[in-house]
Undergrad: 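First the structure, which I've put down as structure tokens, then a few questions once you've had a look.
Residue numbers begin at 1 in each chain, while the letters A, B, ... track the order of the sequences. The shown structure was predicted, so the numbers you read here are calculated from the model rather than taken from an experiment.
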Number of protein chains: 2
Amino acid sequence: MENPEKPRGGRPRAFDPDAALDAAMHLFWEHGYEATSLAMLREAMGLTPPQIYNAFTDKETLFRKALTRYHETEIGFALEALSAPVSTPEAIRRLLMGAAEAYTRLGKPGGCLFVSGALAASPQAQAIADELRTYRKANEAAIAQRLAKGRAVGDLPETLCVEGFAKYLAGVMNGMSIQARDGASVDELRALAQTALAALPAEGQNQGA
Amino acid sequence: MENPEKPRGGRPRAFDPDAALDAAMHLFWEHGYEATSLAMLREAMGLTPPQIYNAFTDKETLFRKALTRYHETEIGFALEALSAPVSTPEAIRRLLMGAAEAYTRLGKPGGCLFVSGALAASPQAQAIADELRTYRKANEAAIAQRLAKGRAVGDLPETLCVEGFAKYLAGVMNGMSIQARDGASVDELRALAQTALAALPAEGQNQGA
DNA sequence: GATTTTCCATAGTGATCGATACGAAACCTG
DNA sequence: CAGGTTTCGTATCGATCACTATGGAAAATC
């Protein structure tokens with residue numbers, strides 16, 4: 001997604017921007033936006049402040065790029081689950097089970113960056129908190145869209161409130177993120193997801209693919 | 001719970017410590033521990049720094065006292081629901097519905113302080129994050145205890161995994177806290193809670209009080 | 001009323017925050 | 001090689017952080 005060709009010559013970079021962004025992402029993921037200081041970023045990224053600012057403008061831009069990278073590299077399970085050619089219950093099952101795994105990966109911080117990044121923030125960082133909320137709302141909206149499609153196809157009862165059930169599922173995912181941060185294992189999160197799936201209305205089985 | 005009698009005389013306080021603590025609690029609730037600066041506390045509490053430090057030792061102690069106060073004044077619904085002489089499903093219903101209301105009170109920050117206070121933290125504030133996790137775990141343990149009692153009485157099937165289901169319910173509550181912070185209304189949270197209750201195993205009805 | 005004790009208000013502590021000025025070094029184009 | 005451009009490393013910048021030293025004011029104790 002980035003410019004493959006910079007405009008012109010000059011002294012070349014002495015570091016890999018993607019690797020540096022990756023290190024920053026993990027640090028933000030672990031400690032959140034505001035609690036991650038430039039000194040910590042400097043050490044984790046292996047860069048000097050001018051290198052960071054030259055490549056990423058400022059801390060806020062760096063965080064936003066980390067969010068994009070997180071979305072592209074760590075959260076693929078969500079789009080996969082919701083767009084897979086399977087029944088709606090199966091899609092939801094994949095969504096929650098995918099979250100269970102993504103939130104407890106070895107070598108990664110527990111939970112979801114979109115939740116841990118900045119649930120509460122200082123007035124100065126309100127824009128960051130809003131950005132994260134936008135990501136969470138987008139997830140909920142994507143779920144709602146998949147549910148609406150499922151209801152139209154007959155996977156779900158006509159009486160189901162799509163927005164309400166999407167809010168439930170998004171809430172469960174957010175709750176799983178916190179449980180993961182509190183030390184829950186993959187299996188525990190899978191069991192939680194399985195329990196949550198029991199709330200799915202079971203009527204209106206589909207008769208086609 | 002505080003000393004009703006201070007050891008000896010001297011100049012009396014010119015402010016109400018409880019009112020000041022209340023203001024601090026709401027600020028921590030809104031912005032979290034680390035993002036709440038002393039300048040903000042100073043303004044919200046209407047006090048000078050020496051007044052704050054004389055009365056509350058330091059920022060960390062102030063936050064811990066705010067946690068205790070929050071637990072005593074804002075979260076009573078949980079203990080009430082879990083200790084009420086009602087069936088286990090009814091107790092769980094009251095727990096989730098109480099959370100829906102407590103997380104969306106007018107004039108109060110959205111969500112739960114135990115979640116918003118410090119989901120992610122800097123290394124220096126790790127102790128605070130751990131303290132909050134302890135509160136969340138205590139909630140989960142209290143739920144598990146109530147479920148175990150319900151299973152023993154016959155309110156729940158023998159096959160139910162008490163710890164797993166408690167983790168589900170605690171996760172739903174945490175998720176509701178985030179949904180509240182994202183702007184969900186009381187009614188939306190009530191609907192979410194109602195959906196979550198559908199995961200309750202329905203067999204094994206109790207035949208006594 | 002003198003002493004003691006506590007609190008008040010002003011001002012400022014060192015440390016850390018995010019972000020930069022500066023000049024030398026390294027690449028591309030001529 | 002010269003000219004232009006970008007990044008490099010070093011050494012900070014002012015602002016804000018949590019916190020406190022100091023000295024006088026106010027109330028209880030003697």
Undergrad: B:E60 or B:P12: which one's nearest nucleotide on DNA chain D is closer to the 5' end?
TA: B:E60

Undergrad: Examine the side chains of A:T61 and A:D58 and answer whether a donor and an acceptor come within less than 3.5 Å of each other.
TA: yes

Undergrad: Could you state the atom-to-atom distance from CZ of B:F56 to P of D:dC19 in whole Å?
TA: 14 Å

Undergrad: How is B:A14 classified with respect to the nucleic acid when contacts are heavy atoms under 4.0 Å: base, sugar-phosphate, or nothing?
TA: sugar-phosphate

Undergrad: Within this structure, what is the CD-to-P distance between A:E34 and D:dT16, rounded to whole angstrom?
TA: 15 Å

Undergrad: Please give, in whole Å, the distance from D:dC19 C1' to B:L62 CG?
TA: 13 Å

Undergrad: Does the B:S177 side chain pair with the main chain of B:M173, one donor and one acceptor, at a distance under 3.5 Å?
TA: no

Undergrad: To the nearest angstrom, how far is A:L38 atom CG from D:dC17 atom C1'?
TA: 16 Å

Undergrad: State which of D:dG9, C:dC7, C:dG18 makes the closest approach to the side chain of B:R13.
TA: C:dC7

Undergrad: Tell me which nucleotide among C:dC8, C:dC17, D:dC17 gets nearest to the side chain of B:Q51.
TA: C:dC8

Undergrad: Please check if the number of heavy atoms outside A:H71 that lie under 6.0 Å from its NE2 is greater than 12.
TA: no

Undergrad: If you check the A:F15 side chain, which of D:dC8, C:dC8, D:dC19 turns out closest?
TA: D:dC8

Undergrad: When all nucleic acid strands are considered with a 4.0 Å heavy-atom cut-off, which category describes A:P49: base, sugar-phosphate, or nothing?
TA: base

Undergrad: Could you state the CE-P distance from B:M45 to C:dC7, rounded to the nearest angstrom?
TA: 15 Å

Undergrad: With no hydrogens and no angle check, do the side chains of B:S87 and B:E90 hold a donor and an acceptor under 3.5 Å apart?
TA: no

Undergrad: So what does B:S122 hit on the nucleic acid, given a heavy-atom distance under 4.0 Å: a base, only sugar-phosphate, or nothing?
TA: nothing

Undergrad: Would you mind reading off the distance between A:L47 atom CG and D:dC8 atom C1', rounded to a whole angstrom?
TA: 12 Å

Undergrad: Please tell me which of the listed nucleotides, D:dC17, D:dA18, D:dT20, lies nearest to the side chain of B:P50?
TA: D:dT20

Undergrad: Does D:dC19 have OP1 or OP2 sitting under 4.0 Å from an N or O in the side chain of B:Y53?
TA: yes

Undergrad: State which of D:dC8, C:dG18, C:dA9 makes the closest approach to the side chain of B:T48.
TA: C:dA9

Undergrad: Whole angstrom is fine here: how far is it from CD1 in B:I52 over to P in D:dT20?
TA: 13 Å

Undergrad: Atom CG in A:L160, atom CG in A:D155: separation rounded to 0.5 Å?
TA: 11.5 Å

Undergrad: Please report the distance, rounded to the nearest Å, between CE in B:M40 and P in D:dA15.
TA: 20 Å

Undergrad: Among D:dC19, C:dC7, C:dA25, which is the nearest nucleotide to the side chain of A:R11?
TA: C:dA25

